[in-house]
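Side-chain atoms are counted along with the backbone in the values below, which use heavy atoms only and exclude waters and symmetry mates.
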Amino acid sequence: MILQREIFLEYIGKSSTDIKEKLVNDILTLFQVRDRNGEKEKMKDTWLLFIMDYRLTASEIFHAHRMALKRELLDQNGNEIECLPMLSTNTTGKILKAYERYKQNDKQLEEGRERLKLLLNPPAELTDEEKKAERKKNWDSLVEAVKNDRKCDHAFLFYDLSVKKGGVQSFVNDESFRREAIRTMMIDLLGREKLKPKSILFNTFELNKLSKYFEDKPLPLTDDLAHAFDRLKSMAIVQVKNEMVYDWVKKNIKTKTDE
């Protein structure tokens, strides 16, 4: 029976002989490897010896190979890993390296989601006086950043104020402008994430598929990409608002200075 639903807590190097034998046989079945002149048996020992140093369980190794077959794992260049019907240490090396990156990105992704959640939905419930003091502190910090031409990541907190004062009208009233501004920012943010050695917000699969989605002939937005797309769009909306509010404050400071 394939290891699909089994969980082994020990790394493969410390697993029992039965588990190792089961793993290699399940990989052979998964890849539909045919025996040619007894080559299958000869490769089994070589393959098992090759994977012994990986800090992965038997279940993870099987899952990694299944993901590769389903084109859910990509190499360091964002390309699919070629999976031939053979037991290959070269292919397994690429698959397990990609899976290790996937695991790391997945862990960092969760951390990034939590940070994004805190950014979009501040959890602390402050008193009215505390809210007023915090708002003044953030406003003063924003104004100081604008005056000194420094970056400010919390300008978006004053988006409603800028709208109330008649600012950012093009974004508020022009749907076409708003849609294009968000789309452009999504592409920009995606490009920045791809340049990072390890994105904490998107795994390699998501980065690759999102990039293809924004090409001249985009792919359809599939269910497995929808969550990543929505996450990227939320980030873009916040960033667009942040930049527009920053520019609005800068314009108002310049106007007062010129008066």
Is there a donor-acceptor pair under 3.5 Å between the side chain of [X] and the backbone N or O of [Y]?
{"X": "D174", "Y": "S176", "answer": "yes"}
{"X": "E243", "Y": "V240", "answer": "no"}
{"X": "R231", "Y": "L201", "answer": "yes"}

Steps toward side chain to side chain donor-acceptor pair (under 3.5 Å) verdict (S141, E144):
CA-CA 5 Å; S141 174; E144 187 68 19; over 6 Å; no
Should [X] and [Y] be regarded as members of a common hydrophobic cluster, given that ILVMFWY residues are connected when their side-chain heavy atoms come within less than 4.5 Å of each other, either directly or indirectly?
{"X": "F202", "Y": "V238", "value": "yes"}
{"X": "I12", "Y": "L30", "value": "yes"}
{"X": "L232", "Y": "L74", "value": "no"}
{"X": "Y102", "Y": "F205", "value": "no"}
{"X": "I95", "Y": "M67", "value": "yes"}

Start with the C-alpha distance between V245 and F156, add both sets of side-chain angles, then the distance that settles side-chain contact (heavy atoms from CB on, under 4.5 Å), and finish with yes or no.
CA-CA 6 Å; V245 173; F156 71 92; 5.6 Å; no
side-chain contact (heavy atoms from CB on, under 4.5 Å) between C152 and V146, worked out
CA-CA 8 Å; C152 180; V146 172; over 6 Å; no
Does NZ or CZ of K241 lie under 6.0 Å from the centre of the six-membered ring of Y159, at an angle within 45° of the ring axis?
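Ring-cation test returns yes.
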Around [X], counting heavy atoms of other residues, nucleotides and ligands shown, do more than 12 lie under 6.0 Å from its [atom1]?
{"X": "K94", "atom1": "NZ", "answer": "no"}
{"X": "R192", "atom1": "CZ", "answer": "yes"}
{"X": "R150", "atom1": "CZ", "answer": "yes"}
{"X": "E180", "atom1": "CD", "answer": "yes"}

Hey, can you tell me if Y213 and F229 have their rings parallel, tilted or perpendicular (30° and 60° cut-offs)?
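The rings of Y213 and F229 stand perpendicular, inter-plane angle above 60°.
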Under a 4.0 Å threshold between the charged nitrogen and the carboxylate oxygen, would K251 count as salt-bridged to D247?
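No, D247 and K251 are not salt-bridged.
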Candidate pair K250 and D149, rule side-chain contact (heavy atoms from CB on, under 4.5 Å), full reasoning:
CA-CA 9 Å; K250 187 174 185 178; D149 200 25; 4.1 Å; yes
N138 and its side chain to side chain contact (heavy atoms under 4.5 Å, CB included) partner, picked from R135, K136, E134
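With N138 as partner, side chain to side chain contact (heavy atoms under 4.5 Å, CB included) holds for just one option, E134.
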Check whether the side chains of S199 and K194 place a donor and an acceptor atom closer than 3.5 Å, and report yes or no.
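Judged by distance alone, the side chains do not pair up.
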Separation of K44 NZ from L23 CG (nearest 0.5 Å):
11.0 Å
4.5 Å side-chain heavy-atom contact, L87 and V24
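Sidechains of V24 and L87: in contact.
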